[in-house]
Amino acid sequence: MKQSESRSTTSVDVAVIGAGAAGLMAAIAAARQDSSKTLKILLLDTRPKIGAKILISGGTRCNVTNRRVTPSDYYGGPSHFVKHILEAFSPDQTRNFFEEIGVPLVLEVTGKYFPTTHSGKTVLEALMKECARLGVILKTECRITQIKKEGDRFHLKGDGVDSTSRRVVLATGGLSYPETGSDGTGYKIAQSLGHTLVPTAAALTPLLCQDEDWQSLSGIALEAALYFYENGKKKEESRSALLFTHFGFSGPSALDISRFWARSSADKHPEIFARFLPEENEETLKKILDAQAKAASGQRVKRFLMERFAFPERFVEIIIKKSGVDETRSVAKLLAPQKSALIRYLMNCPLPITGVYGYKKAEVTSGGIPVSEVKNATMESKRTPGLYFAGEILDVDGRIGGFNFQWAWSTGTVAGRSAVKSLAA
Ligand SMILES: Cc1cc2nc3c(=O)[nH]c(=O)nc-3n(C[C@H](O)[C@H](O)[C@H](O)COP(=O)(O)OP(=O)(O)OC[C@H]3O[C@@H](n4cnc5c(N)ncnc54)[C@H](O)[C@@H]3O)c2cc1C
């Protein structure tokens, strides 16, 4: 990548603000679209080193996309908008693109695609190499604080930069993991250019819980279904691994449900319940316990739960404690109220959630610039012509599984391409 010549006023054709997944992709798409190879494409970022989220994503393995990506994997913006963008640059095209820049992907049984190297570094290095090959100018340690439209050009101001550009792609991310560079400045810039903001909240963030029994299970992971309720009504569910931590709950199941808790309020009485045997229901579990009672093996409840369901011992001890079951009893000698309590704690267990961990440990931000203010064919602002959006800055957030990166690749591609196409028009 060309390093920019000087810190004085520069004049470019397309300025991409933010060199995360969406910004890198937008810069590449813009440069590839420029068949004349004459346009100046500038990629700016606050941080000295770019792509921090790509490096830490997927436990540093970078879950690039998913085998099946549909609008129902996203929240926020309307599904027809998301569908259009996913069709414009699909997961298949994403896989081909990465293959082409030297990052073949491998599919895991969960449907997630990772680079065959299992390293986010490979993904970031390949994207940077492609930017360099295409002549994209990268300027780091440049935090844009103001963008003004003056005539048909944008004037960009900030720490270490004073530039003008004919087109701008805003790809500054949201508020999640602020140490990676996303601090919400992009929202303020968009608002100054006529946009509104759907109130933001942390999403894909751990759930907090003060209950010492649950905290004592820190380190244990189980397959569980979590149910989110508001005003006594079931609204959402997630099913995947649930990880007990010293502060509450994490793992995909907790992270996926967290956005609903974070976006709710006390007057809606949010509650979360856990089903620790997601394959069963209350009735089938009762049958299993009744059959065991009939077998009259004399096996104690604790041992039975550990052997029958492969639950860890510490987990079973907490379930027994919470449901008030006399642990010296065999399944056959369980009293009816104890059996009901046991079934309740395994199948519909109230988790005393006190809040969410917040942006500091959020994988993504929910809320942002409403997509109703953006043209879905081009990602161009309906409020300020020549301004484009890509990535997490928009009011669209995906669940765990590569969906958020797919959103960044798809919107980045559409925004970058369209910005350059509009220059030729
Ligand atoms: C721990 C973690 C793990 C994750 N794992 C996965 C995963 O495996 N799969 C998946 O699909 N998603 C994952 N995500 C989510 C994914 O990383 C994001 O959805 C994606 O990175 C968003 O890309 P973006 O380019 O829109 O924003 P960002 O990646 O946040 O990039 C925004 C960039 O803009 C820069 N910037 C901000 N403001 C300014 C400014 N004023 N001037 C100049 N530059 C600015 C920032 O420095 C930053 O580099 C994970 C996120 C985290 C935090």
Side-chain angles (χ1 to χ4, degrees), residues 15-27 42-66 69 73-74 91 94 108 110 112-115 118-120 123-124 127 138-147 156-161 163 168-190 192 202-206 250 252 255 357 359-366 368-369 379 389-394 396-412 415:
V16 180
I17 320 297
L24 282 158
M25 200 64 174
L42 177 64
L43 177 59
L44 297 161
D45 203 282
T46 306
R47 302 240 326 157
K49 287 199 171 160
I50 64 166
K53 277 191 190 142
I54 297 174
L55 295 177
I56 59 173
S57 65
T60 74
R61 293 167 63 222
C62 190
N63 175 198
V64 174
T65 186
N66 201 286
V69 183
D73 298 309
Y74 296 88
T94 301
E108 297 207 336
T110 52
K112 296 176 181 177
Y113 274 100
F114 291 89
H118 296 280
S119 164
V123 174
L124 179 60
L127 289 168
L138 173 69
K139 263 184 105 152
T140 55
E141 295 181 85
C142 289
R143 181 166 172 267
I144 299 296
T145 50
Q146 195 187 67
I147 300 181
L156 280 58
K157 279 200 170 169
D159 311 333
V161 70
S163 299
V168 167
V169 179
L170 212 45
T172 45
L175 287 161
S176 57
Y177 259 76
E179 74 261 34
T180 62
S182 37
D183 63 0
T185 342
Y187 297 139
K188 292 197 185 91
I189 294 172
S192 75
L204 302 186
T205 189
S250 191
L255 298 183
Y357 207 108
Y359 292 116
K360 198 164 177 255
K361 286 230 179 290
E363 291 199 6
V364 76
T365 310
S366 73
I369 306 305
M379 297 307 294
F389 290 96
E392 193 177 321
I393 189 173
L394 291 153
V396 173
D397 54 297
R399 58 187 189 88
I400 293 245
F403 304 102
N404 286 300
F405 274 138
Q406 186 58 56
W407 179 247
W409 314 134
S410 297
T411 50

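Because the structure is a prediction, the values reported are computed rather than measured. Remember, it's 1-based here, ligands and their atoms both numbered in the order they're listed. Below, each value reflects all heavy atoms present in this structure, side chains not excepted, and no hydrogens, waters or symmetry copies.
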Would you check if the side chain of [X] reaches a backbone N or O of [Y] as a donor-acceptor pair within less than 3.5 Å?
{"X": "Asn63", "Y": "Thr65", "result": "yes"}
{"X": "Thr180", "Y": "Ala52", "result": "no"}
{"X": "Arg399", "Y": "Pro252", "result": "no"}

If you take the nearest heavy atom of each of [options], which one is closest to [atom]?
{"atom": "atom 6 (C) of ligand 1", "options": "Gly120, Ser57, Gly23", "answer": "Ser57"}
{"atom": "atom 36 (N) of ligand 1", "options": "Thr46, Leu175, Val64", "answer": "Thr46"}
{"atom": "atom 1 (C) of ligand 1", "options": "Ile56, Val161, Asp397", "answer": "Ile56"}

[atom]: which protein heavy atom is closest, and how many Å away?
{"atom": "atom 19 (O) of ligand 1", "answer": "Asn404 CB, 3.2 Å"}
{"atom": "atom 29 (O) of ligand 1", "answer": "Lys53 CD, 3.7 Å"}
{"atom": "atom 51 (C) of ligand 1", "answer": "Glu363 O, 3.1 Å"}
{"atom": "atom 31 (O) of ligand 1", "answer": "Gly20 CA, 3.4 Å"}
{"atom": "atom 12 (N) of ligand 1", "answer": "Phe405 CD1, 3.5 Å"}
{"atom": "atom 9 (N) of ligand 1", "answer": "Asn63 O, 2.9 Å"}
{"atom": "atom 26 (O) of ligand 1", "answer": "Glu392 N, 2.8 Å"}
{"atom": "atom 48 (C) of ligand 1", "answer": "Asp45 OD2, 3.4 Å"}

Could you tell me which atoms of ligand 1, counted from 1 in the order shown, lie closer than 4.0 angstrom to a heavy atom of [X]?
{"X": "Arg47", "value": "47 (O)"}
{"X": "Cys142", "value": "42 (N), 43 (C)"}
{"X": "Gly181", "value": "36 (N), 37 (C), 38 (N), 46 (C), 47 (O)"}
{"X": "Ser182", "value": "30 (O)"}
{"X": "Ile17", "value": "42 (N), 43 (C)"}
{"X": "Gly58", "value": "3 (C), 4 (C), 5 (N), 6 (C), 7 (C), 8 (O)"}
{"X": "Gly18", "value": "33 (C), 34 (O), 35 (C), 44 (N)"}
{"X": "Gly391", "value": "26 (O)"}

Criterion side-chain hydrogen bond (donor to acceptor under 3.5 Å, both in side chains) on Gln406 and Thr94, from CA distance to verdict: CA-CA 8 Å; Gln406 186 58 56; Thr94 301; 2.9 Å; yes
When you measure from the heavy atoms of [X] to every atom of ligand 1, does any distance fall below 4.0 Å?
{"X": "Gly402", "value": "yes"}
{"X": "Thr180", "value": "yes"}
{"X": "Ala171", "value": "yes"}

Test item: side-chain donor near acceptor, Lys53 and Ser176, under 3.5 Å: yes
Worked verdict on Asn66 versus Asp73 for side-chain contact (heavy atoms from CB on, under 4.5 Å): CA-CA 10 Å; Asn66 201 286; Asp73 298 309; over 6 Å; no
Pairwise distance [atom1]([X]) to [atom2]([Y]) - rounded to 0.5 angstrom:
{"X": "Arg143", "Y": "Thr185", "atom1": "CZ", "atom2": "OG1", "answer": "4.0 Å"}
{"X": "Leu55", "Y": "Thr60", "atom1": "CG", "atom2": "OG1", "answer": "9.0 Å"}
{"X": "Ile400", "Y": "Lys112", "atom1": "CD1", "atom2": "NZ", "answer": "6.5 Å"}

Residue pair Glu363, Asn404: steps toward the side-chain contact (heavy atoms from CB on, under 4.5 Å) verdict: CA-CA 9 Å; Glu363 291 199 6; Asn404 286 300; 5.9 Å; no
Ligand 1 versus Thr172: contacting region, heavy-atom distance under 4.0 Å: both
Proximity of Phe403 to ligand 1 by residue part, where a heavy atom lies under 4.0 Å: backbone
Matching residue for Ile17 among Leu43, Ile189, Ile147 - test: side chain to side chain contact (heavy atoms under 4.5 Å, CB included): Ile147
Aromatic ring pairing Tyr74/Trp407, orientation class (parallel under 30°, perpendicular over 60°, tilted between): tilted
Candidate pair Tyr359 and Thr205, rule side-chain contact (heavy atoms from CB on, under 4.5 Å), full reasoning: CA-CA 7 Å; Tyr359 292 116; Thr205 189; over 6 Å; no
Chi angles and distances behind the side-chain hydrogen bond (donor to acceptor under 3.5 Å, both in side chains) call for Lys139, Ser163: CA-CA 11 Å; Lys139 263 184 105 152; Ser163 299; 5.5 Å; no
Under 3.5 Å: N/O of Ile393 near N/O of ligand 1: no
